[in-house]
Amino acid sequence: MKLWGGLFQEQTHFEVEDFSSSLEVDARLWEVDIFGSIAHAKMLGDVGIIPSAEAGAIVVALQQMHEEFKLGKIQIDPTSEDIHSDIEKKLYQKIGALAGKLHTARSRNDQVATDTRLYLAGEINHLVTHLKALQNYFIKTAEKHFETLLPGLTHMQHAQPVSLAHHLMAYFWMFQRDIERLLETQKRVLHLPLGSAALAGTGFPLNREQVAKDLNFNSVSENSLDAVSDRDYIIEFLSDSATIMMHLSRLSEELVLWSMPEFKFVELSDKVTTGSSIMPQKKNPDVAELIRGKVGRVNGALIGILTTLKALPLAYNRDLQEDKFHLFTGLDTVKSCSRLMLVMLEEATWNTANMKKSLAGDFSNATDLADDLVKKGLPFREAHEVIGRTVQYCIKNKVALEQISLNELKALHPLFDEASLAILPHLAVMQARHSQGGTSPKAVAVQLEQAKALL
Ligand code: ARG
C-alpha cells in the first residue's frame with residue numbers, strides 16, 4: 001500500500017522501490033513515530049478537527065500497536081517505503097478507514113523531522129550516561145593515584161613529572177565539555193516541527209503547544225518552511241560527536257602507547273585484547289585501535305550531512321532522507337566507542353612501578369633546580385645556563401640529577417646548598433606544583449571536589 005497511489009497509473013519500478021526505501025535506516029523510529037502520532041491524534045480530537053471519539057479510537061489502536069511491537073507480536077513489513085507508511089498501514093489493518101484521519105493536517109515532512117528529533121533527544125541522554133560513567137571512572141581511579149608519578153610530556157619528551165590522577169582527570173574535563181555541548185544541542189533538538197504540515201502550515205486550527213507539551217519538546221518552530229527543511233541539529237550533534245571521538249581517540253592512542261613493551265604503563269586485560277595467528281607472544285590493543293579507527297565514521301557522517309544539505313533549496317527534498325543514515329552512523333559509533341572505552345578501562349591494570357621507573361635520570365626535575373637558583377637571586381637566564389651545564393655534567397659522569405652529591409652541586413655553582421638536594425626527587429617536584437589546576441596532590445584534591453560536584 002502506498003500513501004500516495006491515487007494519481008499513479010503505473011507501478012513503481014522495482015529497483016526504484018529498493019533505491020528509495022528508507023526502511024532499513026528509519027525502522028528504529030517506530031516507537032517515536034507512534035508517540036508522535038498519539039500526540040497528534042489527541043490534539044486533533046481535543047480541538048475538534050476530528051470527533052474526539054474517533055481520536056480516542058486512533059489513540060487506543062496506536063497504544064495497542066506499541067504494546068504489540070514491544071512484545072514482538074508484530075513486525076515491520078520489509079516492503080514498506082518507510083517506517084511512517086508501515087505504522088499507518090498497520091493502523092489501517094486495525095481500525096480500517098478511520099486510520100485515514102490520523103494524517104489530517106500532517107505531512108510526512110513534519111512527521112519525519114519530529115520523529116528524528118524525538119529519537120535523538122532520547123539518545124543524547126543515553127550518550128550522556130555513557131560519558132558520565134567514564135567520568136566516574138576517572139574520579140574513582142584518580143582518587144587512588146594522587147601520588148603516582150608519571151612522566152608529563154611535551155613533544156613526546158619527558159618534560160615534568162605529573163601524577164596519574166592529574167593525567168586521568170584531564171580527560172574528565174574533556175568529557176565534561178562534551179556533555180555540556182550535548183545538553184546545549186538537546187535544547188535545540190527539542191524544537192517541534194509538527195504542525196508545519198508539508199511546508200506551508202495548514203488551515204486547520206491546530207494546538208501545537210499541546211503537542212509540544214505532550215512530547216516534551218520545549219518550543220514550537222516559528223517558520224514552517226524552516227521547520228521541514230532544517231537539519232542543523234544533526235550537524236550540531238555530529239559535530240559534538242566528532243569532538244567526543246577525537247577525545248576518545250587521544251585516550252586510545254595513549255593506551256596503545258602505554259601498553260607497548262617499551263612503556264608497560266598499563267596492561268590491557270585479555271578480555272579486551274586479541275592475539276596474533278602467527279606471533280604467539282602478541283597481545284594487541286584492538287579495542288583502543290578500533291575506537292581510534294572509528295573516528296573516520298563520525299567525521300565522515302559530519303561531512304556527509306553537511307554535503308547533503310549544501311545548496312539544498314527549500315523546503316523538503318528527498319535528499320533529506322539521507323540525513324538519518326549519517327545521523328545514525330555517527331550516533332551508533334560514538335555510543336559504542338564511549339561504552340567500550342569504559343569496558344577497556346575498567347579491565348585495565350596501571351603499572352605504577354614502571355611509570356616511576358621511567359622517570360629515573362630523565363632530568364624532568366631540572367626546571368626545579370633552576371628555580372632554586374632563581375629564588376636565591378640568580379637571573380633566570382643565568383640559572384638556565386648553570387643547569388644546562390649541570391645536566392651535561394650528569395650525563396658525562398653517568399649520574400642521575402636526583403642522585404648528585406652536595407659537593408658536586410656546590411662545585412657547579414656556589415648558591416647550591418642542602419635545600420637544593422631536597423628539591424630533586426620527582427615526587428617532591430610533582431608535589432611542589434600546587435598552583436590552581438596544578439598536579440600537586442593538594443591541587444588535584446581541589447579539582448576532584450569540583451569534578452564530584454558536577455556529577
Ligand atoms: N522517508 C522520508 C524521509 O526520511 C519521509 C518523508 C517523505 N516525504 C516525502 N514527501 N516524500 O525523509
Side-chain angles (χ1 to χ4, degrees), residues 1-8 10-37 39-40 76-92 99-100 102-123 189 191-202 211 215 221 223-235 237-238 301 304-332:
M1 185 195 83
K2 291 237 152 57
L3 299 177
W4 39 266
L7 169 72
F8 291 77
E10 285 191 281
Q11 284 270 318
T12 312
H13 193 289
F14 73 98
E15 285 185 283
V16 172
E17 293 276 15
D18 201 42
F19 183 68
S20 57
S21 167
S22 58
L23 193 64
E24 214 174 290
V25 173
D26 63 27
R28 62 169 85 191
L29 297 178
W30 70 268
E31 188 169 40
V32 287
D33 193 75
I34 292 176
F35 290 159
S37 288
H40 183 66
I76 292 165
D77 171 3
T79 65
S80 297
E81 183 183 325
D82 57 24
I83 189 64
H84 324 293
S85 348
D86 192 76
I87 304 272
E88 204 169 324
K89 191 160 59 185
K90 289 182 167 53
L91 193 61
Y92 269 96
L102 170 62
H103 214 50
T104 311
R106 187 177 76 167
S107 153
R108 267 187 299 163
N109 300 347
D110 58 345
Q111 185 182 356
V112 69
T114 303
D115 288 2
T116 312
R117 284 173 182 268
L118 199 51
Y119 180 80
L120 178 57
E123 288 297 307
V189 169
H191 192 55
L192 183 75
L194 203 64
S196 302
L199 76 164
T202 167
V211 177
L215 295 174
S221 63
N223 181 307
S224 59
L225 289 169
D226 182 36
V228 296
S229 320
D230 173 30
R231 298 294 185 272
D232 293 1
Y233 67 98
I234 296 181
I235 298 177
F237 172 75
L238 288 175
I305 186 67
L306 282 167
T307 310
T308 295
L309 293 173
K310 190 234 170 212
L312 200 65
L314 301 183
Y316 179 85
N317 297 276
R318 193 63 181 267
D319 315 41
L320 287 174
Q321 178 169 286
E322 288 295 302
D323 65 347
K324 287 172 287 302
F325 172 79
H326 300 306
L327 174 60
F328 298 156
T329 302
L331 171 66
D332 294 348

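One-based numbering, in listed order, for ligands and for the atoms of each.
With hydrogens left out, the protein atom closest to atom 2 (C) of ligand 1 is Gln321 OE1, 3.3 Å, a heavy atom. Looking only at protein heavy atoms, the nearest one to atom 5 (C) of ligand 1 is Asp82 OD2, 3.5 Å. Looking only at protein heavy atoms, the nearest one to atom 3 (C) of ligand 1 is Tyr316 OH, 3.4 Å. Scanning the protein for heavy atoms near atom 8 (N) of ligand 1, the closest one is Asn109 OD1, 3.0 Å.
Distances from atom 11 (N) of ligand 1 to the heavy atoms of Glu322, Arg108, Gln111 put Arg108 nearest.
Screening Leu306, Asp230, Leu327 against Ile235 for a side chain to side chain contact (heavy atoms under 4.5 Å, CB included) leaves a single residue, Leu306.
Only the side chain of Lys324 comes within 4.0 Å of ligand 1, judged by heavy-atom distances.
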Are Trp30 and Asp86 close enough, and set up right, to give a side chain to side chain contact (heavy atoms under 4.5 Å, CB included), and what steps lead you there?
-> CA-CA 9 Å; Trp30 70 268; Asp86 192 76; over 6 Å; no

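Between the CZ atom of Arg106 and the NE2 atom of His84 there is a distance of 9.0 Å, given to the nearest 0.5 Å. Between Leu331 atom CG and Arg28 atom CZ the span is 6.5 Å, to the nearest 0.5 Å.
Looking at His84 next to ligand 1, no N or O pair under 3.5 Å apart turns up.
Salt bridge annotation for Asp319-Arg231: absent, with no cationic side-chain nitrogen under 4.0 angstrom from a carboxylate oxygen.
Near Ser22, with a cut-off below 4.0 Å to any heavy atom, the atoms of ligand 1 are 1 (N).
Put simply, the side chain of Leu29 reaches to within 4.5 Å of the side chain of Lys324, judged on heavy atoms.
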